[in-house]
Amino acid sequence: MTPAPSSIPELLDRARALAGRTIGELGGDLGVAVPDDQRRAKGLVGQMIERALGATAGSRAEPDFVQIGVELKSIPVNRQGRPQESTFVCTIPLSRIPEMDWGQSSLSHKLARVLWVPIESERGLPLPQRRIGYPLFWTPSHAETSLLQDDWEELAGRIGRGDIESITGHIGRCLQVRPKGANSRDRRRAPEADGAWMMTMPRGFYLRASFTESILRRLREEA
DNA sequence: GATTGATCATAC
DNA sequence: GTATGATCAATC
């Protein structure tokens, strides 16, 4: 068991030490069997990186590194370092959205400090052979924050007004609201326009790949 | 080829 | 059952 890092520099040192290693090698260190593909192991890499860096295991509504307030995100990138997928941030508390504002949102809290760990993830490259990339520590710039806040207010506003069924993945410049459940039959309670409640699919906030690409580009340019 | 909606595994 | 960790795969 790796102990929790006590400072951000310590976390960065650990993450840098992983850069260049393969998922197969990391699996060997952790005693984890790594399958060739991720169809039945979608969160495996993220959970392995968590363990290797000393994140608090398990599911809680807390940052991965509680003491230092840092969220860990592994992110699949192609050979050029470009993100290949959107990034899940958090589930949306549909029933509590009406009384929330941006400053209270779990989205703004989670994204205040993020450690991005790129994973080389070309389609077809077997999981054990994929390499861990150089980590990037992010705090949103003013421009990035206002982009996020604008999208959040638009999307949370619709949910709060009972307009959730008007939301598709097309809405939002940097954010998206998309289904986040076990399957399409999954249901949660959400506000309805007239003050009543409806049952609908659970949803989550995701960062668009184009947005995370701009974040990673900025961080690499500044490095 | 990029994007959206659907889905998979595990912890508690 | 709901949270965490995400990627898959049908569609645009």
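The basis for the numbers below is simple: all heavy atoms, side chains too, and nothing from hydrogens, waters or symmetry mates. Letters A, B, ... mirror the listed sequences (proteins, then strands); counts begin at 1.
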Under-3.5 Å N/O pairs linking protein and nucleotides 5-7 of chain B:
residue: dG5(B); atom: OP2; partner: Gly169(A); partner atom: N; Å: 2.4
residue: dG5(B); atom: N7; partner: Arg178(A); partner atom: NE; Å: 2.7
residue: dG5(B); atom: O6; partner: Arg178(A); partner atom: NH2; Å: 2.8
residue: dT7(B); atom: OP2; partner: Ser184(A); partner atom: N; Å: 2.8
residue: dT7(B); atom: OP2; partner: Ser184(A); partner atom: OG; Å: 3.0
residue: dT7(B); atom: O2; partner: Lys42(A); partner atom: NZ; Å: 2.7
residue: dT7(B); atom: O4; partner: Gly181(A); partner atom: O; Å: 3.4

Would you say dT2(C) has OP1 or OP2 under 4.0 Å from some side-chain N or O of Arg188(A)?
yes
It should be established whether Arg208(A) places a side-chain nitrogen or oxygen under 4.0 Å from OP1 or OP2 of nucleotide dT4(B).
yes
Residues in side chain to side chain donor-acceptor pair (under 3.5 Å) with Asn78(A), at least two apart?
none
One should read off an interatomic distance between Leu30(A) CG and Glu25(A) CD, to the nearest 0.5 angstrom, of 12.0 Å
Measure the distance from [atom1] on [X] to [atom2] on [N] and round it to the nearest whole Å.
X	N	atom1	atom2	result
Glu213(A)	dG1(B)	CD	P	16 Å
Leu44(A)	dA9(B)	CG	P	12 Å
Gln47(A)	dT7(C)	CD	P	11 Å
Phe211(A)	dT3(B)	CZ	P	15 Å
Ile75(A)	dG5(C)	CD1	P	14 Å
Phe88(A)	dT2(C)	CZ	C1'	11 Å
Glu62(A)	dT4(C)	CD	P	11 Å
Ile49(A)	dT10(B)	CD1	C1'	17 Å

Would you say the side-chain atoms of Ser86(A) and Arg178(A) include a donor-acceptor pair closer than 3.5 Å?
yes
Polar contact flag, side-chain donor to acceptor under 3.5 angstrom, Glu165(A)-Thr200(A):
yes
Work out which heavy atom in Ala52(A) is nearest to a heavy atom in Leu18(A); give both atom names and the distance.
CB-CD1, 4.1 Å
With the threshold set at under 4.0 Å for non-hydrogen atoms, list the residues of [range] touching DNA chain C in residue-number order.
range	value
residues 63-72 of chain A	Asp64(A), Glu71(A)
residues 18-41 of chain A	Gln38(A), Arg39(A)
residues 96-129 of chain A	Lys110(A), Arg123(A)

Candidate pair Ile68(A) and Leu11(A), rule side chain to side chain contact (heavy atoms under 4.5 Å, CB included), full reasoning
CA-CA 9 Å; Ile68(A) 53 180; Leu11(A) 173 60; 4.0 Å; yes
Considering every strand and a 4.0 Å limit on heavy-atom distances, what is the contact class for [X]: base, sugar-phosphate, or nothing?
X	value
Gly43(A)	base
Thr87(A)	nothing
Pro202(A)	nothing

CZ/Arg21(A): more than 12 non-hydrogen atoms of other groups inside 6.0 Å
yes
Close side-chain approach of [X] to [Y], heavy-atom, < 4.5 Å:
X	Y	value
Ile164(A)	Arg203(A)	yes
Phe205(A)	Asp151(A)	no
Val89(A)	Leu207(A)	yes
Leu44(A)	Val32(A)	yes

Please list all pairs meeting side chain to side chain donor-acceptor pair (under 3.5 Å) that have one or both residues in residues 111-131 of chain A, counting only residues at least two apart or in different chains.
none
Determine yes or no for a side-chain-to-main-chain donor-acceptor pair under 3.5 angstrom, with Ser108(A) supplying the side chain and Trp102(A) the backbone.
yes
Taking Gln104(A)'s backbone N and O only, do any of them form a donor-acceptor pair with Asp101(A)'s side chain (distance below 3.5 Å, no angle check)?
yes
